[in-house]
Asks: 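Here's a structure for you.
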Amino acid sequence: MSKDLFEAARNAIGRCHAPYSQFPVGAALRGDDGRIHAGANIEVASFPEGWCAETTAIGHMIMAGGRRIEEVAVIAEKKVACTPCGGCRQRLAEFAGPDTKIHLCDMNGIVQTVTLGELLPYAFDSDALT
Ligand code: THU
């Protein structure tokens, strides 16, 4: 059931700090223990130093003791079905698998569900470092 995940992502938008882009984003992850971790994008005046909602959510999951992502929801106030950026796809891949569902939302709910493998084929992963 992904409605609670969607609602966590939508609520997270309210915490965003996006004064420069005016493009609020929320994300929520469900860990393999069932807990939900949410995040919003956080921008800074030195533009490249800001970071995405998905990255905030991953940080919350890690600091709460989680390690595996089962499901993700992403929502942007101004774009239907906003997809995670390239960097966030790689960060998600660190803690999720190619079959992990990524729910792309609008303000009313999930509009499309894709897998991380579809978003990041031929991912660079830790196997490459062994
Ligand atoms: N952004 C996210 O938070 N997640 C995405 O998946 C795409 C982009 C943010 C970063 C920046 O604060 C704003 O959206 C505009 O790029």
Side-chain angles (χ1 to χ4, degrees):
M1 173 53 174
S2 301
K3 191 163 182 288
D4 51 351
L5 197 66
F6 162 73
E7 285 173 355
R10 185 174 59 186
N11 289 340
I13 285 184
R15 300 283 190 203
C16 88
H17 178 70
Y20 307 108
S21 71
Q22 299 288 330
F23 191 83
V25 184
L29 321 169
R30 190 194 310 281
D32 61 0
D33 58 4
R35 287 185 297 168
I36 289 176
H37 309 277
N41 52 333
I42 302 173
E43 299 177 352
V44 296
S46 177
F47 300 156
E49 306 305 333
W51 62 92
C52 290
E54 297 89 329
T55 298
T56 305
I58 290 170
H60 279 297
M61 180 192 76
I62 295 299
M63 291 312 294
R67 276 294 181 278
R68 291 305 295 171
I69 299 168
E70 291 286 328
E71 205 178 2
V72 181
V74 182
I75 176 168
E77 215 174 64
K78 295 180 177 169
K79 181 168 173 44
V80 172
C82 178
T83 51
C85 79
C88 284
R89 294 177 197 198
Q90 186 72 42
R91 291 186 195 99
L92 290 167
E94 186 71 21
F95 305 106
D99 296 331
T100 302
K101 287 181 177 159
I102 315 286
H103 305 292
L104 312 176
C105 307
D106 67 11
M107 294 303 279
N108 298 311
I110 295 165
V111 296
Q112 189 181 354
T113 297
V114 297
T115 66
L116 185 57
E118 289 174 308
L119 293 180
L120 190 67
Y122 303 100
F124 182 86
D125 61 23
S126 57
D127 290 348
L129 302 175
T130 57

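All ligand and atom numbering here is 1-based and tracks the order in the structure. Every value quoted in this text rests on a predicted model; they were computed, and no experiment measured them.
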Asks: Using a 4.5 Å cut-off on heavy atoms from C-beta on, say whether the side chain of Q22 contacts that of K78.
Replies: yes
Asks: Are the side chains of R67 and I62 in contact, using a 4.5 Å heavy-atom criterion?
Replies: yes
Asks: At less than 4.0 angstrom from any atom of ligand 1, which residues have a non-hydrogen atom? List them by chain and residue number.
Replies: S21, F23, V25, N41, E43, C52, A53, E54, T83, P84, C85
Asks: Under the side-chain contact (heavy atoms from CB on, under 4.5 Å) rule, what do Q90 and F124 come out as? Steps first, then yes or no, please.
Replies: CA-CA 8 Å; Q90 186 72 42; F124 182 86; 4.2 Å; yes
Asks: List for me each residue that meets ring pair (Phe, Tyr, Trp, His ring centres under 6.0 Å) alongside Y122, sequence neighbours excluded, and say none if there are none.
Replies: none
Asks: Quick check: does any side chain N or O of R68 sit under 3.5 Å from a backbone N or O of D32, one acting as donor and the other as acceptor?
Replies: no
Asks: Given side chains that start at C-beta, do those of I13 and M107 come closer than 4.5 Å, heavy atoms only?
Replies: yes
